[in-house]
Amino acid sequence: MNESLSLGRIAGVRVGLHWSVLVILVLVTVTLARGEFPTAHPGHSAGQYWSLAVLTAIVFLASLLAHELAHAVVARRNGVQVDGITLWMLGGAARLHSEAATPAAELRIAAVGPLTSLLAGGVLAGVAAGLDALHTSGLVVEAVAWLSAINILLAVFNALPAAPLDGGRLLRAYLWHRTGDRLRATRGASAAGRALGWFMVVTGFAAVLFGHHLSGLWPALIGWFLISAATAEVRQAEMRGVLGGVPVSRVMTPDPVTVPDTATLADFLAEGPFGSYRHSAFPVLTADGSVAGLLTVRRVEATPAQARASTKVRDVMLPLGDIVTAAPDEPVLDLLPRLQAGPVRRAVVLDAEHLVGILTLADITRALTWPTAPAAPRGAGPRFPKDA
Ligand SMILES: [Zn+2]
């Protein structure tokens with residue numbers, strides 16, 4: 001999620017707002033100004049309700065920020081780099097650059113968020129009681145009490161043991177500590193996250209359908225977010241688990257079918273590679289055997305049929321400088337981001353400038369379905385940082 005408005009750095013952490021945070025701001029303001037405040041304390045002017053509601057909504061956002069800042073600061077203290085914090089429609093998100101190295105670090109980073117919200121709730125409850133004792137306007141006391149309650153609610157909701165909530169991280173830290181298997185722990189926390197997500201989706205829609213409460217859409221939306229985030233989390237962890245330490249050479253297709261750069265497209269088609277090979281891209285070699293580029297089926301198709309007899313492969317290929325290259329001993333996980341960002345989603349594997357293979361995203365996806373074969377002989381690839 002990209003931030004739309006930067007708030008600069010707080011405690012050394014980059015803080016930004018995503019435009020969708022306006023949804024929270026408007027929702028909270030309207031709920032308070034039109035509902036909570038006039039119901040609890042009638043007789044004030046609309047201007048008083050609205051201005052206090054806006055102020056309360058802003059303090060609410062500040063308390064969300066405090067929760068995320070607590071995560072970020074503790075993460076940094078535990079050696080995890082923090083990319084920044086963004087507040088958005090469903091709250092805040094502290095973007096951690098890497099994962100905690102130990103279950104204990106994970107536990108500390110996760111627990112401090114709900115504890116901060118709980119502390120804020122307690123302090124605000126004390127302030128509300130104090131203001132009430134000083135006979136401050138009941139409306140102001142109401143606002144502070146609402147902030148106290150929402151922070152406590154936030155602490156409780158976030159502590160639910162379901163990924164990607166803080167409680168899900170705590171559950172994962174516990175399972176990880178108990179089993180020593182981070183991937184299994186992630187799977188457990190993710191399953192809990194999806195279960196909670198579906199529960200919220202179903203009850204939310206049931207409230208809309210049977211109770212005619214449109215507000216049920218909100219838990220349904222949060223539930224949907226939990227399901228997708230929990231699923232993405234486990235998928236990423238599985239990829240790290242399966243591919244951790246696996247070199248490119250083990251996943252690539254070795255000795256790929258190649259095309260000479262001086263061949264015409266008509267020659268290339270006459271050889272019949274389309275029918276008999278299942279590839280859609282072919283490394284192009286020069287006469288001395290060095291790689292000149294990559295010919296994709298799409299580029300051949302884009303050339304008019306009548307021009308194919310006079311067009312050479314080297315005229316339509318992607319030149320070497322434009323394609324992703326990899327070394328055979330490079331970890332697949334390091335190559336992945338380059339592959340996803342590249343123009344043709346495949347890499348030519350070169351060993352000292354000699355072509356040794358080609359690797360596609362499909363090869364990596366296939367590798368992910370390997371049962372346990374790549375996991376067994378992985379002495380070289382540490383699966384867990386704590387073993388490293
Ligand atoms: Zn949190």
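No experiment lies behind these values; they were computed from the predicted model shown. Counting starts at 1 for both ligands and their atoms, following the listed order.
For the pair D267 (side chain) and T264 (backbone), a donor-acceptor distance under 3.5 Å is present.
By the criterion of a separation under 2.8 Å, the protein N/O/S atoms near the Zn ion (ligand 1) amount to H67 NE2, H71 NE2, D166 OD1, D166 OD2.
Side-chain atoms of S190 and R194 form a donor-acceptor pair, as typed in the model, at a separation below 3.5 Å.
With contacts defined as side-chain heavy-atom distances shorter than 4.5 Å, the pair L294/R346 qualifies. With a 4.5 Å cut-off on side-chain heavy atoms, H71 and V112 count as touching.
Aromatic ring centres of W50 and F37 lie farther apart than the 6.0 Å criterion allows.
No path of Ile, Leu, Val, Met, Phe, Trp and Tyr side chains, each step under 4.5 Å between heavy atoms, connects V324 with L355, placing them in separate hydrophobic clusters.
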